[in-house]
Amino acid sequence: MRRQIIIFTLIFAAALLQTAGALAQIEAEPSGFLSNVQVSSDELNIAANEKTRIEFRLTQSAKVTLVIYNAGHVPVRTLATDLPCAAGVNALEWNGRDDAGAPVPDEAYYFTISAVGSRQQVASFDPALTSGGERIKFGDDNLKFDAEAGGIVYELPYAARVQIRIGVTNGPLLKTLVQWAPRKKGRHCEPWDRKDASGSITLTELKNLRILGRAMALPEKSIIVKGGGAASASTEPVTQDTALRRTAVDASLAKRARPIEPAAWTPFGKNTDPVFSLSLKSDKNAVDTKSAPPSSEKGVAVRGETAFEIALDDAARMALMEQRFEIVFFVDYSLIGEVEQGYSPYTWVWDSTSVADGQHVITFNVSGMNDQIGAQSLIVDVQNNTRLWNNYGHT
């Protein structure tokens, strides 16, 4: 069965499901004699030497362990282990560094607190088991391109992980502007130059342009780190403890009363959109097939059967080699065909006589199993009229 016919049709169907109702965020409730967990700031800039203060109240003295986790549920910093704390308000500070003293990558982090009383009573705060992953209403009425602001603006009712994609209704995806990046509560403007992923098409000029946003709540009291460097796919070895924690988080997601965004089930770092190159190989009907196709003001000139090569970059090849991925081909934003089992490099041969002479937009989407969709477009100038083609120096 064809899993994907038209990329944006399926994406918009998912959007309608997720925006059916607003979300009342579920808050993690501390248990027992541990309460009033607070953070002084939900953002931390390592480059500015900022710190965030984590406060909590105990109704009795206890030994406290506080651990900070990354989005892959891997512990990055242990601020306290069996630290004796008195009854009342206690606090610990985090400077955005890991246990080795290195800055953590820019991302969202959450923390857990466990407290053991004098009689071995246990109290805990574990927000990843009670919050995070819930869908947030994030539709057309809350997602606009603002030319004056220079980007796409929107409002978040809660701290969330955000995805913003741009494409054509019933057509291809043309650009992923934000891919599940953490954002704090409030108003945001994502800078956008109006161009597609290839930088060759001004998308705001298209009649059927659609901007689609999806969002899922972060675990309560998450801390968004900046100034630590670019985040990348997690490469840490998965320890038994990490595997058990991920299993526990998945089990909690399955029990939530609120709708869960499907991306919450994808392991961190596994939903990165594939990056690939799109190149036009020499025209099959040209006498000198080794020469590069000529160019005109309307794009790269082509005629007859023309071959396009799609090649994944190293990271995308590694990410997709363990799963199926599709290659979908569009001309002027209309579906032409697809390959359900793609490979790289892949050559697609297109008969340009199926369209009129003149400028056309060729778009390829590469789609993985974890909602990964890469996009590249190329503007071509179809010249199947022999006289015009000869004007470019071909015979």
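Residue indices begin at 1 and follow the sequence shown. Model, not experiment: these values are computed from the prediction.
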So, [X] versus [Y]: side-chain donor-acceptor pair below 3.5 Å or not?
{"X": "R303", "Y": "Q383", "answer": "no"}
{"X": "E50", "Y": "N45", "answer": "no"}
{"X": "T242", "Y": "R246", "answer": "no"}
{"X": "T78", "Y": "T81", "answer": "no"}
{"X": "D351", "Y": "T353", "answer": "yes"}
{"X": "Q163", "Y": "Q179", "answer": "yes"}
{"X": "S200", "Y": "S198", "answer": "yes"}

Ring pair (Phe, Tyr, Trp, His ring centres under 6.0 Å), paired with F111, selected from F56, Y69, F125:
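Running ring pair (Phe, Tyr, Trp, His ring centres under 6.0 Å) over F56, Y69, F125 with F111 returns exactly one hit, F125.
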Rounded at 0.5 Å granularity, tell me how far [atom1] in [X] sits from [atom2] in [Y].
{"X": "L177", "Y": "L174", "atom1": "CG", "atom2": "CG", "value": "12.5 Å"}
{"X": "D42", "Y": "K221", "atom1": "CG", "atom2": "NZ", "value": "9.5 Å"}
{"X": "D332", "Y": "I362", "atom1": "CG", "atom2": "CD1", "value": "7.0 Å"}

Charged N-O contact under 4.0 Å between [X] and [Y]:
{"X": "K175", "Y": "D193", "value": "no"}
{"X": "D126", "Y": "R245", "value": "yes"}
{"X": "R183", "Y": "E190", "value": "yes"}

Please walk me through it: do Q376 and S277 pass side chain to side chain contact (heavy atoms under 4.5 Å, CB included)?
CA-CA 7 Å; Q376 285 293 329; S277 63; over 6 Å; no
Should we say atom NZ of K184 is surrounded by more than 12 heavy atoms from elsewhere, each under 6.0 Å from it?
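Counting other residues, nucleotides and ligands, NZ of K184 stays at 12 neighbours or fewer.
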More than 12 heavy atoms of other residues, nucleotides or ligands under 6.0 Å from CD of Q240: yes or no?
no
Less than 6.0 Å separating the ring centroids of F308 and Y346?
no
Answer yes if the ring centres of F268 and H73 are under 6.0 angstrom apart, and no otherwise.
no
After noting the C-alpha distance and the side-chain angles of V366 and I373, does the key distance pass the side chain to side chain contact (heavy atoms under 4.5 Å, CB included) rule?
CA-CA 5 Å; V366 172; I373 307 175; over 6 Å; no
Between G150 and C189, which heavy-atom pair has the shortest distance, and what is it?
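Result for this residue pair: C-SG, 4.5 Å.
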Using the side chain to side chain contact (heavy atoms under 4.5 Å, CB included) rule, pick out the option among I164, V178, D146 that qualifies with I152.
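The residue from I164, V178, D146 that satisfies side chain to side chain contact (heavy atoms under 4.5 Å, CB included) with I152 turns out to be I164.
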Qualifying residue for side chain to side chain contact (heavy atoms under 4.5 Å, CB included) with W94, from R77, K51, R53
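Checked R77, K51, R53 against W94; only one passes side chain to side chain contact (heavy atoms under 4.5 Å, CB included): R77.
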Report the residues that fulfil ring pair (Phe, Tyr, Trp, His ring centres under 6.0 Å) with Y333, sequence neighbours left out, ordered by chain and then residue number.
none
Tell me the salt bridge (Lys or Arg N to Asp or Glu O under 4.0 Å) pairs involving residues 109-124, sequence neighbours left out?
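For residues 109-124, and leaving out neighbouring residues, there are no salt bridge (Lys or Arg N to Asp or Glu O under 4.0 Å) pairs at all.
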